[in-house]
Number of protein chains: 2
Amino acid sequence: MWQLSTKGRYGTRIMYQLAMKYGNGPMLLKEIAANENLPLKYLEHIIPILKKHKLVISTRGPQGGYQLFKDPKDISIKMIIEALEGDIAPTSCVESPQVCEKNTTCKSRKIWAIVDEKIKETLKNITLHDMIEDNMENSLCKNIVL
Amino acid sequence: MWQLSTKGRYGTRIMYQLAMKYGNGPMLLKEIAANENLPLKYLEHIIPILKKHKLVISTRGPQGGYQLFKDPKDISIKMIIEALEGDIAPTSCVESPQVCEKNTTCKSRKIWAIVDEKIKETLKNITLHDMIEDNMENSLCKNIVL
DNA sequence: TTTAATTCCTACCATTTTGATAGGGAATAT
DNA sequence: ATATTCCCTATCAAAATGGTAGGAATTAAA
Ligand code: FES
Ligand code: FES
């Protein structure tokens with residue numbers, strides 16, 4: 001299946017948890033892991049990527065934890081996925097035409113460029129705020145499969 | 001990068017070659033491999049999948065080769081990618097909600113379902129005919145990267 | 001009926017990616 | 001001081017990826 005890796009999937013869930021707590025101080029990664037039923041030690045590998053891309057900020061020591069870097073309205077799913085999975089593109093030649101000498105006429109590339117644009121447009125138009133704006137009860141995902 | 005595998009990418013190029021020759025008898029896989037500068041022995045693994053999904057038909061022996069199963073107008077990129085990469089879906093819970101007990105309320109799932117739908121819509125609306133309808137000169141892709 | 005062409009099938013393999021676990025170091029609020 | 005929390009590095013098993021190799025089966029044509 002053409003699926004996102006756990007980086008993208010778990011990472012989105014981390015961001016969702018942080019979005020729900022936005023404005024109420026830092027949240028423990030341990031708490032996020034518990035809420036989402038994901039392995040803490042693995043999330044410790046994912047969250048530094050989000051930090052590097054200025055999507056979260058961290059506070060060390062007691063009472064520390066993580067918070068969103070900015071308002072959930074200003075964080076799109078596209079930003080999250082691009083941070084975690086790298087550039088979005090069905091083929092590498094969409095983003096880097098130089099990998100192919102025939103790039104100006106290649107029919108495949110034309111197709112993938114269209115698909116690429118649609119995906120990006122979609123991801124760009126969904127923010128964390130959109131995710132949390134409807135009722136939040138029972139929204140936790142207890143399953144490890146996603 | 002969130003990229004298609006070589007199955008999806010090479011496979012699309014195989015289908016493109018066959019589409020260009022549609023109505024003119026079988027085409028050798030060797031010829032396809034040469035045109036697209038792809039390893040023949042590897043394409044021999046990919047094309048049976050296309051055959052199994054009724055996208056191509058084969059003729060054995062001399063003067064044999066492969067042909068499209070139906071008109072390029074009736075073959076969408078979605079069919080090709082789904083045959084080769086399996087179901088398209090950013091997460092498995094989009095196609096199989098039962099993997100998660102919270103699927104009716106899971107906010108992540110809602111997001112991925114929207115993205116999934118957009119991708120499928122896009123891929124469904126591009127056919128092999130669309131790929132070949134403009135000029136065909138210099139359209140071969142000599143680079144192995146795509 | 002031989003021969004050559006072509007698809008088809010199975011096995012194997014090296015490398016990379018994925019999805020973690022483990023242990024401890026650094027910073028800091030109390 | 002101490003407990004808490006993030007941070008960093010190493011390691012690793014399993015799976016996926018992207019092939020290569022060899023030959024069997026089928027068949028058109030000489
Ligand atoms: S491989 Fe995409 S432009 Fe040629
Ligand atoms: S993991 Fe997607 S529905 Fe819960």
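Chain A is the first sequence line, chain B the second, and so forth, proteins listed ahead of strands; every chain is numbered from 1.
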For A:T127, the side chain to side chain donor-acceptor pair (under 3.5 Å) test, sequence neighbours excluded, returns A:D130
Pick base, sugar-phosphate or nothing for A:I47, based on heavy-atom distances below 4.0 Å to the nucleic acid.
-> nothing
Residue pairs involving residues 45-64 of chain B (criterion side chain to side chain donor-acceptor pair (under 3.5 Å); sequence neighbours excluded) | B:K51-B:S58
Inter- and intrachain pairs under salt bridge (Lys or Arg N to Asp or Glu O under 4.0 Å), touching residues 76-86 of chain A, at least two apart | A:K78-A:E82
Applying side chain to side chain contact (heavy atoms under 4.5 Å, CB included) to A:A33 and not counting sequence neighbours gives A:L40, A:L43
B:E95: partners by side chain to side chain contact (heavy atoms under 4.5 Å, CB included), with sequence neighbours left out | B:D87, B:A89, B:D116, B:K120
If we ignore angles and hydrogens, is there a donor and acceptor under 3.5 Å between the side chains of A:T6 and A:Y42?
-> yes
Interface polar pairs with nucleotides 11-18 of chain C, N/O, under 3.5 angstrom:
unit_1	atom_1	unit_2	atom_2	d
C:dA11	N6	B:H45	NE2	3.4

Under 4.0 Å: is that the gap between some side-chain N or O of A:K30 and OP1 or OP2 of D:dC6?
-> no
Nearest-Å distance for atom pair CG/C1', residues A:L28 and D:dC7 | 15 Å
Atom pair distance, as rounded to whole Å: CG in B:L40 and P in D:dG22 = 14 Å
Can a side chain N or O of B:Y10 be found less than 4.0 Å away from OP1 or OP2 on D:dG19?
-> yes
A:F69: hydrophobic cluster co-members (side-chain, 4.5 Å) | A:I57
Within this structure, what is the CD-to-P distance between B:E31 and C:dA5, rounded to whole angstrom?
-> 15 Å
Rounded to whole angstrom units, what separation is found between the CD1 atom of B:I46 and the C1' atom of C:dC9?
-> 16 Å
Please list, chain by chain and in numerical order, all residues satisfying side chain to side chain contact (heavy atoms under 4.5 Å, CB included) with B:E117, sequence neighbours excluded.
-> none
Rounded distance in Å - CD1 (A:I57) to C1' (D:dT5) | 15 Å
In whole angstrom, give the distance that lies between atom CG of A:L43 and atom P of C:dG19.
-> 13 Å
Can you give one letter per nucleotide of nucleotides 23-30 of chain D, 5' to 3': B if a protein heavy atom sits under 4.0 Å from the base, S if only from the sugar-phosphate, - if neither?
-> B-BBBBS-
Check whether any side-chain heavy atom of B:I75 lies under 4.5 Å from a side-chain heavy atom of B:M15, and answer yes or no.
-> yes
Would you please name every residue forming a side chain to side chain contact (heavy atoms under 4.5 Å, CB included) with A:K41, sequence neighbours left out?
-> A:E44
Length of the CG-P vector between B:L38 and D:dG19, whole Å = 8 Å
Just report the end-to-end axis angle for the helix from C:dT1-D:dA30 to C:dT30-D:dA1, five pairs per end, to 10 degrees.
-> 10°
Measure from NZ on B:K52 to P on C:dC9 and round the result to the nearest Å.
-> 11 Å
Quick note, side chain to side chain donor-acceptor pair (under 3.5 Å) partners involving residues 64-77 of chain B, not counting sequence neighbours, are none
